[in-house]
Number of protein chains: 2
Amino acid sequence: MKYLLQDIRISVSDKIYLKDPESTELGKRIVEHGILLIDKIGFENFTFRKLGHEIKSNESSIYRYFENKHKFLVYITTWYWGWKEYQLVFATNSISDNYKKLEKAIEVITKPVEEDAEFGHINEISLSNIIINEFSKSFLTKEVDEENQDGYFSVYKRLVNRLKDMITAVNAEYPYPSSLASTIIEGTLHQHFLRDHFVSLTDCNASVTPSEYFIHMVESLVKK
Amino acid sequence: MKYLLQDIRISVSDKIYLKDPESTELGKRIVEHGILLIDKIGFENFTFRKLGHEIKSNESSIYRYFENKHKFLVYITTWYWGWKEYQLVFATNSISDNYKKLEKAIEVITKPVEEDAEFGHINEISLSNIIINEFSKSFLTKEVDEENQDGYFSVYKRLVNRLKDMITAVNAEYPYPSSLASTIIEGTLHQHFLRDHFVSLTDCNASVTPSEYFIHMVESLVKK
DNA sequence: ATATTAATGATAGTAACACTATTATTTAAC
DNA sequence: GTTAAATAATAGTGTTACTATCATTAATAT
C-alpha cells in the first residue's frame with residue numbers, strides 16, 4: 001500500500017521548523033537520513049554536523065531548516081503520530097460496532113510497522129524504533145509547557161483523544177478513559193522497549209504482542 | 001518516621017560510582033545538591049561544573065565520585081527504587097490476604113511522597129520529581145544492554161518482580177503479570193507527568209490519584 | 001610534633017558540541 | 001544572461017565533558 005505524503009499532511013505548528021523540509025530536496029534528505037542516523041547512533045549522539053557529513057551537505061544548511069536537534073525530534077515524532085492517526089481513522093472508519101472499532105484502534109496503535117513499510121523518503125521501521133527509544137525525550141524537558149502551548153504536541157494529543165472517545169463510546173461509565181488511552185499508547189512503546197531490553201519485565205515476546213495484552217485489558221475494563 | 005540510611009542500603013553494582021558517595025561528607029553533599037539541582041534545572045542542563053559551583057567544591061572532585069552525569073542519574077534513581085522497595089516490603093509484610101497485599105503494594109508505589117519526607121541528606125520530593133521527569137532517560141540509551149548486564153537496573157527490576165509476584169499470588173491464571181507490573185510502575189510516573197503537563201490526557205488530578213486508577217485496573221484484571 | 005598519605009581544590013588543556021555570522025559558490029527564476 | 005535564492009564553506013564563540021597536573025588541606029601513623 002502506497003500513500004501520497006500530502007494525504008496525511010500533518011497540520012502542525014510551523015514553529016517546529018524554520019523552513020518546511022518537505023518543500024525541497026535537501027529538506028527531504030535531511031529528514032530521511034536524520035531518521036536513519038538517530039536510529040543508528042541514538043538521539044544523544046546525533047548532531048547536525050554528523051548528519052551534514054552523512055548527506056554530504058553542510059551543518060549550516062541543516063540549521064536553516066531546524067533550529068536544533070530537539071525540534072527535529074519533535075518534527076519527526078509528530079510526523080509519526082500523524083501517520084498513525086491516519087491509519088487509525090482509515091482502519092476504523094467503516095466499523096459500526098463500537099467495541100470492534102476500539103479493538104481495531106488498539107490493533108493499529110500497537111502493531112509494529114511492517115517490514116517493507118516505506119513511502120516517500122521516510123523509513124517507518126527506523127522511525128518507529130525512534131518512537132520507542134526517543135519519543136519520551138521530546139516532552140520530558142523543562143520547556144514542555146511552553147512548547148505544548150505552542151502546539152508542538154497537538155497531533156499526539158489528538159490521537160490519544162480519539163482513543164479516549166472510542167473507549168467512552170463503548171462504555172460511558174468507565175471512569176478513567178483518558179488515563180487508559182494514554183496508558184495504552186505510552187504503554188505500548190514501553191512494552192516494546194522491555195521486550196527488546198528487559199525481557200524479564202514483560203510478557204510480550206515473539207509470540208505474544210502488546211496488542212493482545214492491551215486488548216485483553218480493554219476487554220476486562222470497558223467491555224459491557 | 002526516620003530511618004537510618006544503612007537500613008535500606010541498596011546493593012547496587014559498585015560500577016555505578018568510582019567512590020562511594022556515602023563514605024564522605026563531600027560525597028553526601030554531591031548527592032544532596034545534585035538532586036536539588038537536577039530537579040531545578042533539568043537533567044539536560046545539569047553539569048558537574050554547575051554542581052561544583054553550587055556546593056562550592058570543584059568539578060574535578062565530583063569526577064572522582066562519578067564518571068559522568070549519566071551514572072549519577074543511575075545512582076540516584078537506583079537509590080529511589082531501593083527506597084520504594086523498602087517501603088513496599090515494610091508495608092505489605094504483615095498482610096496475609098493476597099489481594100489486600102497487592103492493593104497495598106500499588107498504594108505504596110503510586111502514592112506521592114509526603115511533603116516533609118526527608119531523611120539523611122536526600123530530599124525525597126525533589127528525587128521523586130526527578131523520577132517522573134528523568135528516570136526514562138536512564139535506560140533509553142544505546143548502552144542499555146551493556147549497563148543492564150552490569151547490574152545497573154537490578155533494583156528496579158527486583159521491584160517490578162515483587163509486584164509481579166503479588167499479582168500472580170492473587171491470580172495465577174492472569175496471563176500478563178509482568179507486563180501489568182511494569183505498566184503500573186512506569187504508568188504511574190507517566191500519569192503523574194500528564195497531570196502536571198497534559199491534563200487533557202489523564203483523569204488524574206487533585207482529587208483522583210493514579211493509585212485509584214491502577215487499583216481499579218488491578219481489581220478488574222486480576223481479582224478473583 | 002612531625003612525616004606520610006589521602007582527599008580535595010585550583011588551574012589548564014583538549015576535543016567535541018551547539019550554535020551564529022560571513023562570504024563564496026551553485027542553482028533556479030525571470 | 002542577469003538577478004535572486006539556496007546551499008556550501010569557513011571561521012568563530014561559548015559551553016560541555018571531560019583529563020591531567022600540581023598545590024593545598026586534612027587525617028593518620030610514628
Side-chain angles (χ1 to χ4, degrees), chain A residues 14-34 37-38 40-76 121 134 137-138 140-143 146-147, chain B residues 14-34 37-38 40-76 121 134 137-138 140-143 146-147:
Chain A
D14 57 11
K15 286 183 186 176
I16 290 185
Y17 50 73
L18 298 170
K19 176 175 178 171
D20 185 359
E22 287 302 324
S23 68
T24 66
E25 272 312 304
L26 178 64
K28 286 178 201 165
R29 280 168 56 73
I30 290 170
V31 172
E32 176 183 2
H33 289 91
L37 189 56
I38 291 175
K40 189 175 168 193
I41 66 177
F43 186 66
E44 276 68 43
N45 301 315
F46 170 79
T47 69
F48 281 174
R49 177 177 288 259
K50 286 174 186 168
L51 177 55
H53 190 256
E54 197 85 2
I55 61 178
K56 288 165 179 47
S57 175
N58 200 274
E59 197 185 4
S60 62
S61 303
I62 300 171
Y63 273 107
R64 273 190 218 97
Y65 286 85
F66 296 99
E67 239 178 284
N68 52 52
K69 71 174 183 172
H70 172 254
K71 299 217 174 178
F72 182 72
L73 180 63
V74 173
Y75 178 84
I76 62 175
H121 47 288
E134 324 286 3
K137 298 170 192 169
S138 73
L140 293 177
T141 68
K142 281 285 168 187
E143 296 78 33
E146 208 179 317
E147 295 186 348
Chain B
D14 57 11
K15 287 184 186 176
I16 289 185
Y17 49 75
L18 298 171
K19 175 175 178 170
D20 185 359
E22 288 302 324
S23 69
T24 66
E25 272 312 304
L26 178 63
K28 286 178 202 165
R29 281 167 54 73
I30 289 170
V31 172
E32 176 183 3
H33 289 89
L37 190 55
I38 291 175
K40 188 175 168 195
I41 65 176
F43 186 66
E44 275 69 42
N45 302 314
F46 171 79
T47 70
F48 282 174
R49 177 177 287 260
K50 286 174 187 169
L51 176 55
H53 191 256
E54 198 84 4
I55 62 177
K56 286 165 179 47
S57 173
N58 200 273
E59 195 185 4
S60 62
S61 303
I62 300 171
Y63 274 106
R64 281 195 203 95
Y65 287 84
F66 297 98
E67 238 177 284
N68 51 51
K69 70 175 182 171
H70 172 252
K71 299 218 174 173
F72 182 71
L73 180 62
V74 173
Y75 178 84
I76 60 174
H121 47 289
E134 324 287 1
K137 299 170 192 169
S138 74
L140 293 177
T141 68
K142 282 284 168 186
E143 297 78 33
E146 207 179 317
E147 295 186 348

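Here is how names work: the chains are called A, B, and so on, in the same order as the sequence lines, proteins then strands, and each is numbered from 1. Quick note: numbers below take in every heavy atom, side chains included, and nothing from hydrogens, waters or symmetry partners.
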Mapping A:K69 and B:K19 onto DNA chain C by nearest heavy atom, which one lands closer to the 5' end? B:K19
A:K69 to A:F46 six-membered ring, cation-pi geometry met (6.0 Å, 45°): no
Base, sugar-phosphate, or nothing for B:Y63, non-hydrogen atoms under 4.0 angstrom? base
What is the nucleic acid contact for A:Y65, judged by heavy atoms within less than 4.0 Å: base, sugar-phosphate only, or nothing? sugar-phosphate
B:K137 with B:E44: basic N within carboxylate O range, under 4.0 Å: yes
What closest approach, in Å, do A:I62 and A:F48 show between heavy atoms, and which atom pair accounts for it? CD1-O, 3.4 Å
Specify the closest pair of heavy atoms between B:F66 and B:P21, including all atoms of both residues, with the distance to one decimal. CZ-CG, 3.6 Å
With A:E67 via side-chain hydrogen bond (donor to acceptor under 3.5 Å, both in side chains) - residues at least two apart: A:K71
How many Å lie between [atom1] on [X] and [atom2] on [N], as a whole number?
X	N	atom1	atom2	result
A:N45	C:dA16	CG	P	13 Å
A:N68	C:dT20	CG	C1'	14 Å
B:D20	C:dA7	CG	P	12 Å
A:F43	C:dC17	CZ	C1'	13 Å
B:L18	C:dA7	CG	P	13 Å
A:F46	C:dC17	CZ	P	12 Å

Side chain to side chain contact (heavy atoms under 4.5 Å, CB included) involving A:K19 - partner list, sequence neighbours excluded: A:S23, A:T24, A:Y65
Spacing of A:L26 atom CG and A:S57 atom OG [to the nearest 0.5 Å]: 4.5 Å
Interatomic spacing from CD1 in A:I41 to CG in A:L51 - rounded to 0.5 Å: 9.0 Å
Should we say atom NZ of B:K50 is surrounded by more than 12 heavy atoms from elsewhere, each under 6.0 Å from it? yes
For residues 52-66 of chain B, which residue pairs pass the salt bridge (charged side-chain N to carboxylate O under 4.0 Å, His left out) check, not counting sequence neighbours? B:R49-B:E59
Segment of DNA chain D, first to last nucleotide, that comes within the 4.0 Å heavy-atom reach of chain B: D:dT16 to D:dA20
Contacting residues from residues 49-62 of chain B, given that a heavy atom lies under 4.0 angstrom of DNA chain D: B:K50, B:E59, B:S60
Of B:E67 and A:G27, the one whose closest DNA chain D nucleotide lies more 5': A:G27
Generate the contact string for nucleotides 24-30 of chain C. Rules: B means base contact, S means sugar-phosphate contact only, - means no protein heavy atom under 4.0 Å. -------
Go through the side-chain N and O atoms of A:E25 and A:H121 and say whether any donor and acceptor fall under 3.5 Å apart. no
